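Just so we're clear, the structure is a prediction, and the values are computed from it rather than from any experiment. These values consider heavy atoms only, across backbone and side chains, with no hydrogens, waters or symmetry-generated copies.
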Amino acid sequence: MKPRDVVINEKSELWIFGYGSLVWKPDFAYKRSKVGCIKGYKRRFWHGDDFYRGDKENPGRVATLVEDQEACTWGVAYEVTDSQIEESLQYLNMREVVLGGYITEMVEFIPKEKGEGALLALVYIATSDNPIYLGPASDKEIAAQIAICRGNTGHNIEYLVRLAEFMRLYCPEVEDEHLFSIEAAVLNIFHHCGGIKPPDQKCLLMGAS
């Protein structure tokens, strides 16, 4: 099913699912949150970011969702109610749609907590027809790009590391091979540069070759 922009009718509550920076930095008011997953999608660092974690010359790499019936993606769902709904959607429209290039879709969210039923949640997805969509690349190529990119919110590495930290802390039983392989490749680049220190572009690119 191709993602599409979702029209939110008047509701008293709404769940919003985050799988990238939203897991640690929602920046909108919400009633409660739940860790869990959505099925039928895999998280991939295939979307470009020329504002938050990169710029026009060196776009960063951030997560989007790619359809895969055998996969599931872990993250956080936030419940917003009443006036929070309009406020959060206005904020996220600017953050994710206008500046991020994402569109919306409704998905089934399955809470990690046993005994809790599935919920319908809004999610933001970047597709291949987006102008800043970067598409597939090897772990080393993605790591090399992440290692040298910085945007208005900070370094692209922070985005990667914080997402990996979330997975280890809240979903320790889940092996996110794509995420952890890129993280390992970034750390390997810095290892070849003589340890963790402010990125030097020439050294980073050599380490990724």
Side-chain angles (χ1 to χ4, degrees), residues 1-9 11 13-38 40-56 58-67 73-81 83-109 119-135 142 145-146 149-164 166-167 176 178-179:
M1 181 170 59
K2 185 178 177 61
R4 60 190 181 279
D5 286 314
V6 174
V7 176
I8 304 296
N9 296 320
K11 300 177 66 175
E13 65 178 37
L14 173 69
W15 287 89
I16 300 170
F17 177 69
Y19 56 90
S21 60
L22 286 178
V23 304
W24 78 84
K25 189 180 174 62
D27 278 353
F28 58 83
Y30 58 92
K31 183 178 179 180
R32 55 179 172 157
S33 63
K34 297 176 182 286
V35 173
C37 69
I38 61 172
Y41 291 95
K42 57 188 177 184
R43 175 170 39 220
R44 290 292 182 266
F45 278 76
W46 290 1
H47 190 46
D49 183 344
D50 59 10
F51 184 81
Y52 294 108
R53 300 293 176 174
D55 55 34
K56 298 293 184 183
N58 293 297
R61 284 257 181 183
V62 291
T64 186
L65 296 177
V66 178
E67 287 191 39
T73 295
W74 290 83
V76 180
Y78 300 93
E79 182 186 22
V80 290
T81 60
S83 63
Q84 293 176 344
I85 297 176
E86 183 178 358
E87 293 167 1
S88 62
L89 290 179
Q90 286 182 348
Y91 167 72
L92 289 171
N93 182 67
M94 178 58 67
R95 171 176 167 172
E96 304 292 340
V97 179
V98 176
L99 297 175
Y102 290 76
I103 61 174
T104 52
E105 177 66 284
M106 297 301 294
V107 294
E108 184 180 69
F109 170 77
L119 304 163
L120 197 62
L122 180 75
V123 68
Y124 292 83
I125 301 175
T127 60
S128 59
D129 54 5
N130 190 294
I132 56 174
Y133 189 85
L134 298 175
I142 293 174
Q145 193 167 353
I146 287 174
C149 289
R150 177 185 293 275
N152 291 285
T153 305
H155 206 288
N156 204 175
I157 294 174
E158 180 193 20
Y159 180 101
L160 171 70
V161 171
R162 283 187 178 271
L163 186 52
F166 162 79
M167 288 298 296
D176 192 324
H178 178 75
L179 172 63

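When atom types are taken as modelled, the side chain of Asn130 and the backbone of Gly101 share a donor-acceptor pair closer than 3.5 angstrom. In this structure, the side chain of Thr73 does not engage the main chain of Ile38 through any donor-acceptor pair within 3.5 Å. A donor-acceptor pair under 3.5 Å is formed between the side chain of Asn152 and the backbone N or O of Phe51. Looking at His47, its side chain does come within 3.5 Å of a backbone N or O of Gly100 through a donor-acceptor pair. In this structure, Arg32 contributes its side chain and Glu79 its backbone to no donor-acceptor pair below 3.5 Å. Under the 3.5 Å distance criterion, the side-chain polar atoms of Asn156 are matched with a main-chain donor or acceptor of Arg61. Although no hydrogens or angles enter the test, the distance criterion places no donor-acceptor pair under 3.5 Å between the side chain of Glu105 and the main chain of Leu122. Checking side-chain atoms of Tyr19 against main-chain N and O of Tyr124 turns up a donor-acceptor pair under 3.5 Å.
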Item to check | From CA spacing to verdict: side chain to side chain contact (heavy atoms under 4.5 Å, CB included), Leu120, Val107 | outcome: CA-CA 6 Å; Leu120 197 62; Val107 294; over 6 Å; no
Next on the checklist: Does Lys31 form a salt bridge (Lys or Arg N to Asp or Glu O under 4.0 Å) with Glu13? I'd like the steps, not just the answer.
Outcome noted: CA-CA 9 Å; Lys31 183 178 179 180; Glu13 65 178 37; over 6 Å; no
Checklist entry - Where do Arg43 and Asp176 land on the salt bridge (Lys or Arg N to Asp or Glu O under 4.0 Å) test, with the steps shown first? => result CA-CA 9 Å; Arg43 175 170 39 220; Asp176 192 324; 2.8 Å; yes
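The pair Glu158-Arg53 counts as a salt bridge, with a side-chain nitrogen and a carboxylate oxygen less than 4.0 angstrom apart.
The aromatic rings of Phe45 and His178 lie tilted to each other, with the angle between the two planes from 30° to 60°.
In this structure, the separation between CZ on Phe17 and CG on Leu119 is 11.5 Å, given to the nearest 0.5 Å. Atoms CD and CG, from Glu87 and Leu92 in turn, are 11.5 Å apart once rounded to the nearest 0.5 Å. Here the CD1-CD1 distance, from Ile103 to Ile125, works out to 7.0 Å after rounding to the nearest 0.5 Å.
At a threshold of 4.5 Å between non-hydrogen side-chain atoms, the residues Asp50 and Asp55 do not count as touching. Put simply, the side chain of Pro59 does not reach to within 4.5 Å of the side chain of Ile132, judged on heavy atoms.
Shown are Val66, Leu134, Val62; of these, the side-chain contact (heavy atoms from CB on, under 4.5 Å) with Trp46 is made only by Val66.
You'll find the ring centres of Tyr78 and Phe28 inside the 6.0 Å limit.
Of the N and O atoms on the side chains of Arg95 and Ser21, at least one donor lies less than 3.5 Å from an acceptor on the other residue.
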